[in-house]
Amino acid sequence: MPSPRTSTVWFWALVAAALLYVALVSWWSPFTSDTYHHALTGMEHRFSFSLVWERCAASYMTWNPRIGEYLAFAVATAGKWLFILVNPFIQAGMALMMFYLAAGRRVNPRSWPDVRLFGLGLLLLFTCTARPGVTIYWLSGATNYSWAAALWLGFLCLYRGLLEKREDGIKGERGEDGWKKWTAVLALGFLAGMTNENNIPGTWLLLGALFIFVRLVRKRKLPLWFYAGLAAQVAGSLCMLLAPGVSARMNSAAPGCAEPLSGVWDRLEAVPVLLLRMHEYLALPLLLGAAAAWILWKCFRRDRNSLRPWKTQIGAAAAYILTAYAMALSFAAAVVPADHAMFSATLLFGIGVLALLRAWYGIPCAMPRPRIFTSVFLVLSGLCVLSTLHDHLLLFRQHEKRVRLILEQKKAGVQEVVVPSLVAPSPWCSFIFWVDLSQNPDDYVNRGAAMYYGIKNIRTFDAGCDGKSLP
């Protein structure tokens with residue numbers, strides 16, 4: 001086993017590699033939004049509180065009341081440089097929160113088992129994305145899904161962290177920093193409630209399980225901040241669900257690339273579709289989690305007492321995974337969403353897998369050991385990460401070439417601009433191309449781009465088989 005100094009070096013090397021990877025892919029992601037809408041709010045890229053407030057108020061009343069939409073307006077107003085600067089730290093922070101929720105404590109950089117589990121958490125984060133290369137690195141996708149998930153995980157971490165301290169004998173509410181706890185719980189609770197619709201049932205299920213465990217199993221009294229945070233989360237949820245923009249969006253022609261559902265039979269038919277969308281890009285975490293569950297089950301059958309010290313850990317893993325499925329199926333109440341809307345559910349599934357891996361590593365009789373399984377996962381997930389990096393680079397080059405073509409035509413006085421469509425850089429590329437321009441100049445995406453570049457209209461045409469564009 002590596003020494004504490006070597007473990008520390010590995011920890012910071014993993015953090016640096018993750019920051020660099022996310023920064024590069026954020027830079028190479030050609031889109032800032034699905035409709036260029038956020039780019040329009042900051043055409044001059046000068047941050048203005050009044051402009052951000054105006055756009056946020058309009059969005060709340062007419063389209064999207066999620067907190068991530070407001071973050072997108074703020075970041076886009078300043079310019080994409082701010083997104084490239086901030087996004088890597090948020091993604092690395094999410095990996096740390098995944099570890100915290102899985103292990104119940106912070107990463108110890110001097111402990112090799114912790115560093116190893118943190119590295120696996122990073123790869124689970126990058127492979128649990130419902131649409132790799134979109135949700136994390138595309139501006140409005142990141143703020144609405146991965147950044148929102150970071151706020152949500154922070155709220156859950158705060159609960160587990162406060163309860164851990166209370167159980168370890170540290171004073172709770174009347175402690176030295178009691179007001180900080182209350183402020184954090186209330187603020188994060190309200191923000192967590194406004195993140196995403198499917199986070200609402202996820203929060204209630206996890207906190208409900210925590211309530212049952214503490215009150216009925218451990219027979220302890222819950223502190224007041226537990227209920228205060230839950231009340232704040234409910235208030236935030238109502239603030240989002242009752243917003244005028246929700247009904248306006250659902251009654252629109254295309255409510256966020258989602259398929260509205262109506263009637264009992266329609267919702268029942270949506271269940272397999274929702275499960276498929278959750279699992280479509282969850283193959284690697286699913287296989288790793290299934291292997292861990294199978295080995296732990298075999299260990300339990302051989303020696304029923306072997307899992308006793310880990311029963312809370314395994315119970316938490318089961319709660320995360322079952323809640324993830326409940327979150328995915330909760331969409332049946334209203335819509336079949338776009339694939340990237342599953343991000344919070346797939347991320348929570350990854351946390352459950354990470355918790356199972358920790359138990360697998362910690363139980364000596366759990367044979368075979370996880371080394372060979374994690375090695376295979378390391379190779380396959382590494383290929384997935386490199387493929388995402390490769391696809392982003394090629395797509396970035398296409399987009400830059402198209403931008404130069406637009407500017408050249410504008411400089412020549414052309415007001416009705418025609419540009420080639422973007423082509424998938426590889427057969428396995430998983431980008432959602434509804435964010436791109438289309439052949440219809442009256443499409444809302446095209447209108448936004450035309451306004452952004454200061455031209456009359458813009459449309460695309462398909463490239464020929466030889467790679468040359470055909471008008």
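The analysis underlying the following values was restricted to heavy atoms, covering all of them including side chains, and did not include hydrogens, waters or symmetry mates.
Q91 is listed as a side-chain neighbour of W147, based on a closest heavy-atom distance under 4.5 Å. L393 has its side chain out of reach of V25: every pair of non-hydrogen atoms, C-beta onward, lies at least 4.5 Å apart.
In this structure, L216 places its CG atom where more than 12 heavy-atom neighbours from other residues, nucleotides or ligands lie under 6.0 Å away. For W112, the CH2 atom counts as densely surrounded, since its 6.0 Å shell holds more than 12 non-hydrogen atoms of other residues, nucleotides or ligands. Counted within 6.0 Å of CZ on F89, heavy atoms from surrounding residues, nucleotides or ligands total 12 or fewer; the atom is thus considered open.
For residues 113-125, the pairs satisfying salt bridge (Lys or Arg N to Asp or Glu O under 4.0 Å) are R105-D114, with sequence neighbours left out. Annotation: salt bridge (Lys or Arg N to Asp or Glu O under 4.0 Å) contacts involving residues 321-335, sequence neighbours excluded, are absent. Counting only residues at least two apart or in different chains, ring pair (Phe, Tyr, Trp, His ring centres under 6.0 Å) contacts with residues 360-387 comprise W360-F373.
Within the 3.5 Å criterion, the main-chain N or O of P2 finds no donor-acceptor partner in the side chain of T6. Under the 3.5 Å distance criterion, the side-chain polar atoms of Y145 are left unmatched by any main-chain donor or acceptor of S344. Side-chain atoms of S330 come within 3.5 Å of backbone N or O of M327 as a donor-acceptor pair.
With values rounded to the nearest 0.5 angstrom, L124 atom CG is found 6.5 Å from L288 atom CG. Atom-to-atom distance recorded for R371:CZ and L378:CG is 13.0 Å, nearest 0.5 angstrom.
With no hydrogens or angles considered, no side-chain donor-acceptor pair links D391 and W28 at under 3.5 Å.
Cation-pi geometry between K180 and W182 is not met at under 6.0 angstrom from the ring centre and within 45 degrees of the axis.
Between E197 and R66 there is a salt bridge, with a side-chain nitrogen of the basic residue lying less than 4.0 Å from a carboxylate oxygen of the acidic one.
Note: H279 and Y325 have tilted aromatic rings, judged against thresholds of 30 and 60 degrees for the angle between ring planes.
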